[in-house]
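Worth saying up front: this structure is predicted, and the values here are computed from it rather than measured.
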Amino acid sequence: MKSVFLYHQPGTFFFLHKRCACLCVYFHLLLYFFSTQLNHGQQCSKKQSDEGSDSLREKAVVNGEVSEPPHVQQVLLSSCLSCEGCVSEEESQRISQQNLQEVKGVLSLNKRCDASKHKVLVVSVCPQSLPFFAVKFGLGIPEATQKLCGFLKSLGVHHVFDTMLAAGFSILESQREFVQRHRRRHHDSHALPMFTSSCPGWIRYAERVLGSLVTPHICTAKSPQQVMGSLVKDFFTRQQKLTPDKVFHVVVAPCFDKKLEAVREEFYNSVLESRDVDCVLTSGEIFHLMEEMKVTVEDVDSVPLDHVFGEADEAGLVRHEGRGSEGFLEHIFKYAAKELFGLEVEEIVYKTLRNRDFQEVTLERDGETLLQFAAIYGFRNIQTLVHRMRKGRVPYQLVEVLSCPGGCLSGRGQSEGEGGRVDKALSQQMEEAYSSLPVRLPEMNPELQRLYQDWLEGQDSPRTLQALHTQYSQQRQPQTLPPDIQW
């Protein structure tokens, strides 16, 4: 994770970054300055790391022009990580271990130590990462996926899965929870609106900054990444007759924030000293590894993905409905319309409000609004949502919240271009590639139903609650920004 810089001029703050750090890190950098009342030009009291002290200053953007601001004050993420704000020192240490060197270490150990110390290396690839490799390889997603799998296995990886099954679980559990919340809305003030829970940047911001205003409203279904962690470290390990600590589980994701999610305490088994997800690598990190090794697409074999049941998936690569971010809004909307009102919704019609990343959908019958959902992406739009919520003016029953403008396909772990900006052309190509995959409803996936029975002992069992759900709560006293701050 590279350094994050905050520049302060009188009345103005600029956030500039080379890689996507957690959304709330930006916010807490700002809060840190207000809470400590640092004067203009004053040096941060935190020690700068050796790496950070050598970092180059970045330029601020003022009125569309690039300039070097006078008396620039530089705050490095390496310094911020050790404060008691967003990310603790312990979390910082764990996050720093989520890199290619950690994976290379496991691979190296497997090659040179006795078999009793080997770890089975499992890689799970998020669906939103596959379009990145398709564009970079100049292939369709199915072909690019087989090349990616071939490359990973050439390194010594034992199993390569995609996370569609896990995403299906997350969607199904979110659907059921929304309906339950809707039915108790009249006697539970925290039931609605329900906020989605798959974006770790949004979750950390909600827990550390917004607190009880938002956390009771967050869906308890685990994200697809962490459901996949449960699936690999529980079902798959038992199937392979292994203990979880004998499996090293890597997730390839489009977003750096997923590293922060993987180190959460609730996803760690202290008895077995094993995490559900041991390491998160971004799509870009894997591609850079290929470049570092001077491996081209032509150099690697095409190898099909593995399957948790040990058998081929007849459906092949598919996607869920929606705009490239698992489609929670669309799936929950259609399910709720049918379950609550007996209405079949064939097509979702979005209404753009402030911008492309602030859209809503409405279900109406005889002039009455039955459901009103919103998709809100990016920090500016999230701030609008928060302001409205503080004033009690949120008309939505469900909000799909993501910290990255453009959604998961535009995660900075794969969409960043020159100068740290999002490569819009690449993002557009990835969207087109992703939309080319056929849609498969999770309700129509027999493997999910099979796993509910064989792995979880039914949809309403204690095992389902443990494996597929978690809890979010206020982790520190929310702080209020001065009213003149502009986002």
Side-chain angles (χ1 to χ4, degrees), residues 23-24 27 86 169-224 226-227 261 264-267 326 328-337 339-341 358 360-363 369-377 379 381-403 459-460 462 464-481:
L23 168 70
C24 55
F27 197 75
C86 175
F169 273 124
S170 190
I171 289 171
L172 291 177
E173 292 301 304
S174 298
Q175 289 177 169
R176 296 175 67 228
E177 181 170 334
F178 175 79
V179 168
Q180 293 167 3
R181 283 174 174 263
H182 191 278
R183 286 172 173 162
R184 68 172 191 264
R185 68 192 185 283
H186 294 304
H187 59 270
D188 181 356
S189 61
H190 293 143
L192 297 177
M194 185 176 91
F195 299 112
T196 55
S197 55
S198 286
C199 176
W202 154 247
I203 292 298
R204 178 55 66 96
Y205 172 57
E207 288 182 321
R208 295 297 175 93
V209 180
L210 303 177
S212 58
L213 175 72
V214 167
T215 52
H217 297 269
I218 297 175
C219 178
T220 66
K222 288 182 183 178
S223 72
Q226 295 309 136
V227 171
E261 180 179 29
R264 290 178 67 96
E265 284 299 325
E266 57 266 37
F267 304 139
E326 301 295 0
F328 280 87
L329 181 148
E330 295 203 11
H331 286 280
I332 297 172
F333 189 84
K334 291 182 177 181
Y335 179 82
E339 191 75 12
L340 296 172
F341 306 105
F358 198 128
E360 67 177 33
V361 296
T362 304
L363 179 69
T369 298
L370 303 176
L371 292 174
Q372 195 170 8
F373 289 8
I376 296 178
Y377 302 166
F379 192 60
N381 290 329
I382 290 174
Q383 283 301 302
T384 299
L385 169 68
V386 171
H387 290 324
R388 291 181 181 180
M389 194 166 185
R390 291 190 190 280
K391 296 178 180 179
R393 297 178 182 173
V394 178
Y396 310 117
Q397 292 85 42
L398 178 129
V399 185
E400 182 181 85
V401 190
L402 298 171
S403 63
Q459 282 191 316
D460 298 309
T464 295
L465 187 64
Q466 178 185 19
L468 306 183
H469 290 263
T470 188
Q471 291 292 328
Y472 302 100
S473 59
Q474 177 177 328
Q475 294 187 5
R476 63 175 295 171
Q477 184 64 30
Q479 303 181 58
T480 304
L481 282 175

More than 12 heavy atoms of other residues, nucleotides or ligands under 6.0 Å from CD of Gln459: yes or no? yes

Rounded at 0.5 Å granularity, tell me how far [atom1] in [X] sits from [atom2] in [Y].
X	Y	atom1	atom2	value
Leu363	Phe341	CG	CZ	6.5 Å
Glu173	Leu465	CD	CG	9.0 Å
Ser223	Glu261	OG	CD	3.5 Å
Trp202	Leu210	CH2	CG	5.5 Å
Ile218	Phe195	CD1	CZ	8.0 Å
Thr470	Ile203	OG1	CD1	9.5 Å

At their closest point, which heavy atom of [X] faces which heavy atom of [Y], and how far apart are they?
X	Y	result
Ala336	Leu371	CB-CD1, 3.9 Å
Cys219	Ser174	SG-OG, 3.6 Å
Ala206	Val214	CB-CG1, 3.9 Å
Tyr205	Val386	OH-CG2, 4.2 Å
Ser198	Pro200	O-CD, 3.3 Å

Where the side chain of [X] meets the backbone of [Y], is there a donor-acceptor pair that is under 3.5 Å apart?
X	Y	answer
Thr464	Asp460	no
Ser197	Ala221	yes
Arg181	Phe178	no
His190	His217	no
Lys222	Ala467	yes

Are Glu207 and Arg264 within salt-bridge range, i.e. N to O under 4.0 Å? yes

With side chains defined as the heavy atoms from C-beta onward, is the minimum distance between [X] and [Y] less than 4.5 Å?
X	Y	answer
Phe379	Ser403	no
Met194	Ile332	yes
Glu339	His182	no

What residue pairs, at least two apart or across chains, pass salt bridge (Lys or Arg N to Asp or Glu O under 4.0 Å) with a residue in residues 187-203? Arg184-Asp188

Verdict with supporting geometry, Phe373 and Glu330, side chain to side chain contact (heavy atoms under 4.5 Å, CB included): CA-CA 9 Å; Phe373 289 8; Glu330 295 203 11; over 6 Å; no

Report, one line per pair, each donor and acceptor closer than 3.5 Å where one atom sits in a side chain of residues 392-402; sequence neighbours left out.
| from | atom 1 | to | atom 2 | distance (Å) |
| --- | --- | --- | --- | --- |
| Tyr396 | OH | Glu360 | OE1 | 2.8 |
| Gln397 | OE1 | Gln372 | N | 2.5 |
| Gln397 | NE2 | Pro395 | O | 3.4 |
| Glu400 | OE1 | Tyr377 | OH | 2.4 |
| Glu400 | OE2 | Phe328 | N | 3.2 |
| Glu400 | OE2 | Leu329 | N | 3.0 |

Residues passing the side chain to side chain contact (heavy atoms under 4.5 Å, CB included) test with Gln471, sequence neighbours excluded, are Thr220

